[in-house]
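Notes for the one structure printed next.
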Amino acid sequence: MSNSTQPKYRAKIVGAGSYVPPDILTNADLEKIVDTSDEWILTRTGIKERHICTREMSGVDMAAHACRAAIEKANWKAEDVEMIIVATVTPDYRLPSNSCMLQERLGLVNAGTMDVAAACAGYIHGQSIASAYIESGQYQKILVIGVEKLSTITNYKDRGTCILFGDAAGAVALERTTDDTGVLASFLKSDGRLGKLLWIPVGGTHSPYSEAHEAGDIDNGEDCLNMVGSEVFKHAVRQMGDAALKVIEMAGMTTSDVDMVVPHQANIRIIDALRKRLGLPEEKVYVNIDRFGNTSSASVPLALDEALTTKKINAGDNVLMLAFGGGLTWGASLVRM
Ligand code: UT7
């Protein structure tokens with residue numbers, strides 16, 4: 001956790017990139033698969049469509065696209081990168097990690113690597129780790145990536161979840177600065193007692209696929225995301241709101257100092273509830289859930305990249321990032337661009 005005392009170094013966002021696969025799954029497509037309607041999905045979630053990978057495209061493929069763009073915008077060379085932090089719950093393999101595979105793919109030969117598993121709050125966790133490394137003086141240039149191929153863990157027979165998720169990658173280049181920009185405050189929190197509100201029962205060592213397959217649990221969607229949506233919804237609104245107020249206070253600011261909020265895109269009603277609690281106008285909250293759905297750890301860096309590219313976020317802006325996910329995990333970060 002950062003605090004408001006002035007560190008010698010800060011982690012500045014010097015580049016961002018993102019990637020979504022070309023294939024689109026619309027609400028009309030979902031109407032043909034499960035008992036749902038475009039009207040229900042749009043009014044209850046704000047989602048119109050989401051992008052879905054082909055069988056061949058992997059998370060590392062998507063992340064590589066996003067990283068190349070972030071590295072180019074940061075004006076770095078591949079050998080400059082000192083640490084790669086990948087947030088994902090859908091790694092290509094259990095071993096090696098996505099971050100190791102990205103290192104190899106992009107020739108980031110001087111980097112250390114780590115994967116972080118904090119579900120939809122994964123990017124905020126990765127950025128907080130990167131910020132702490134940079135503040136400590138240990139590293140100067142770190143890539144943080146959020147990437148998910150959620151289509152592989154989505155049960156397309158369950159209308160309560162399959163309407164929500166999409167595939168995407170987002171990458172952010174963080175670099176040491178000594179000026180008053182960069183990550184000003186970060187806050188992370190979890191409540192492991194609520195883990196089974198959003199979880200994947202099968203596929204870990206506790207319940208390997210082979211055993212579950214024999215028991216018929218895979219046909220029941222136990223190897224996919226299982227969620228008690230209405231409960232997760234309530235926790236998301238409360239905890240992201242509390243975390244937002246906490247980092248604003250840690251940074252010595254008030255909500256009126258926030259120029260743009262980049263929230264995790266889980267549900268437009270969650271985003272609206274947060275906006276109202278913070279007393280912010282619609283134009284100060286970045287929303288792209290209509291086009292991408294919930295892309296878990298890719299959600300915040302994907303939205304951030306879009307907001308930077310479209311100049312909704314500009315140099316000097318105070319940006320509040322918020323995320324919430326399975327675990328349960330959540331976090332917030334206040335960053336001056
Ligand atoms: O990213 C990590 C964090 N994730 C989240 O934050 C997700 C949080 N949860 C949500 O976004 C919402 O809870 C959902 C969108 C998942 C569900 O919306 P809801 O308003 O909480 O619906 P519900 O689960 O309470 O269900 C209400 C009704 C039920 O019907 P009955 O029992 O009232 O007859 C559901 O069966 O809506 C029904 N329903 C649907 N109807 C049409 C649930 N899903 C659908 C659907 N289409 N896709």
Side-chain angles (χ1 to χ4, degrees), residues 25-50 87-90 116-125 146-151 153-168 170 188-192 194-200 221 224-244 262-275 277 287-290 292-303 321-332:
L25 184 68
T26 65
N27 291 351
D29 295 329
L30 285 163
E31 283 175 348
K32 293 176 201 144
I33 303 172
V34 284
D35 179 16
T36 190
S37 66
D38 174 50
E39 199 263 333
W40 193 96
I41 300 171
L42 199 52
T43 53
R44 303 306 293 167
T45 71
I47 302 169
K48 292 180 184 159
E49 58 189 35
R50 57 299 280 144
T88 191
V89 289
T90 49
V116 175
C120 304
Y123 173 78
I124 294 282
H125 281 67
V147 57
E148 302 291 0
K149 190 174 174 181
L150 293 179
S151 55
I153 55 164
T154 297
N155 177 4
Y156 287 99
K157 291 180 186 156
D158 174 16
R159 68 176 182 172
T161 54
C162 74
I163 52 142
L164 298 170
F165 301 114
D167 300 333
L188 305 176
K189 189 80 169 52
S190 300
D191 190 343
L194 302 173
K196 291 186 178 173
L197 291 181
L198 174 45
W199 70 314
I200 304 172
C224 291
L225 285 160
N226 283 245
M227 177 168 71
V228 186
S230 52
E231 281 301 308
V232 174
F233 189 105
K234 282 185 257 174
H235 287 289
V237 171
R238 184 163 60 246
Q239 302 299 5
M240 274 194 284
D242 287 353
V262 179
H264 171 45
Q265 312 281 316
N267 188 315
I268 193 65
R269 292 183 294 130
I270 294 176
I271 295 172
D272 279 343
L274 284 170
R275 182 178 64 74
R277 180 166 172 201
V287 174
N288 64 7
I289 190 172
D290 52 326
F292 303 116
N294 180 345
T295 60
S296 189
S297 67
S299 165
V300 167
L302 171 63
M321 302 179 194
L322 304 171
F324 185 90
L328 298 177
T329 55
W330 59 94

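Note that ligands are numbered from 1 as they come in the structure, with each ligand's atoms numbered from 1 the same way.
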The closest protein heavy-atom partner of atom 25 (O) of ligand 1 is Ser230 CB, 4.0 Å
What atoms in ligand 1 come closer than 4.0 Å to a heavy atom of Gly229? 8 (C), 9 (N), 13 (O)
For Phe324 and Val237: C-alpha separation, side-chain torsions, deciding distance, then whether side chain to side chain contact (heavy atoms under 4.5 Å, CB included) applies. CA-CA 9 Å; Phe324 185 90; Val237 171; over 6 Å; no
Is ligand 1 less than 4.0 angstrom away from at least one heavy atom of Val232? yes
Can you tell which part of Thr161 has a heavy atom less than 4.0 Å from ligand 1: side chain, backbone, both or neither? neither
Of all the atoms in ligand 1, which lie at a distance below 4.0 Å from a heavy atom belonging to Asn267? 10 (C), 11 (O), 12 (C), 15 (C)
CA sep, side-chain torsions, deciding dist, call: Lys48, Thr26, side chain to side chain contact (heavy atoms under 4.5 Å, CB included): CA-CA 6 Å; Lys48 292 180 184 159; Thr26 65; over 6 Å; no
For ligand 1, which atoms sit closer than 4.0 Å to a heavy atom of Arg44? 20 (O)
Note the single closest protein heavy atom to atom 38 (C) of ligand 1, along with its residue, its atom name and the distance in Å. Arg159 NH2, 3.7 Å
Could you tell me whether atom 32 (O) of ligand 1 has a protein heavy atom closer than 4.0 Å? no
Atom 19 (P) of ligand 1 sits nearest the protein heavy atom Arg269 NH2, 3.8 Å
What are the atoms of ligand 1, with element, lying closer than 4.0 Å to any heavy atom of His264? 1 (O), 2 (C)
Under 4.0 Å from any heavy atom of Asn294, which atoms of ligand 1 are there? 1 (O), 2 (C)
One finds that the ligand 1 atoms under 4.0 Å from a non-hydrogen atom of Ala266 are 1 (O), 5 (C), 6 (O)
Show the atoms of ligand 1 that are less than 4.0 angstrom away from any heavy atom in Thr45. 15 (C)
Partner of Arg50 by side-chain hydrogen bond (donor to acceptor under 3.5 Å, both in side chains), out of Asn27, Asn294, Asp167: Asn27
Within reach of ligand 1, part of Phe233 (heavy-atom separation under 4.0 Å): both
Looking only at protein heavy atoms, which one is nearest to atom 2 (C) of ligand 1, and how far off is it? Cys120 SG, 3.3 Å
Would you say Glu148 and Ser297 are linked by a side-chain donor-acceptor pair, where the criterion is simply a distance under 3.5 Å? yes
What one should report as the nearest heavy-atom pair of Asn288 and Gln265 is N-OE1, 3.0 Å
Side chains of Leu225 and Asn155: closer than 4.5 Å at any heavy-atom pair? no
Could you find the nearest protein heavy atom to atom 47 (N) of ligand 1 and give me its residue, atom name and distance? Thr36 OG1, 2.7 Å
Gly160 neighbourhood, listing ligand 1 atoms whose heavy-atom distance to it stays under 4.0 Å: 16 (C), 44 (N)
Nearest protein heavy atom with distance in Å, relative to atom 17 (C) of ligand 1: Trp40 CH2, 4.0 Å
Look at atom 27 (C) of ligand 1 and say whether a protein heavy atom is found at less than 4.0 angstrom from it. no
Please compare Thr295, Ile270, Leu198, Leu225 and report which has the shortest non-hydrogen distance to atom 6 (O) of ligand 1. Ile270
Any non-hydrogen protein atom below 4.0 Å of atom 9 (N) of ligand 1? yes
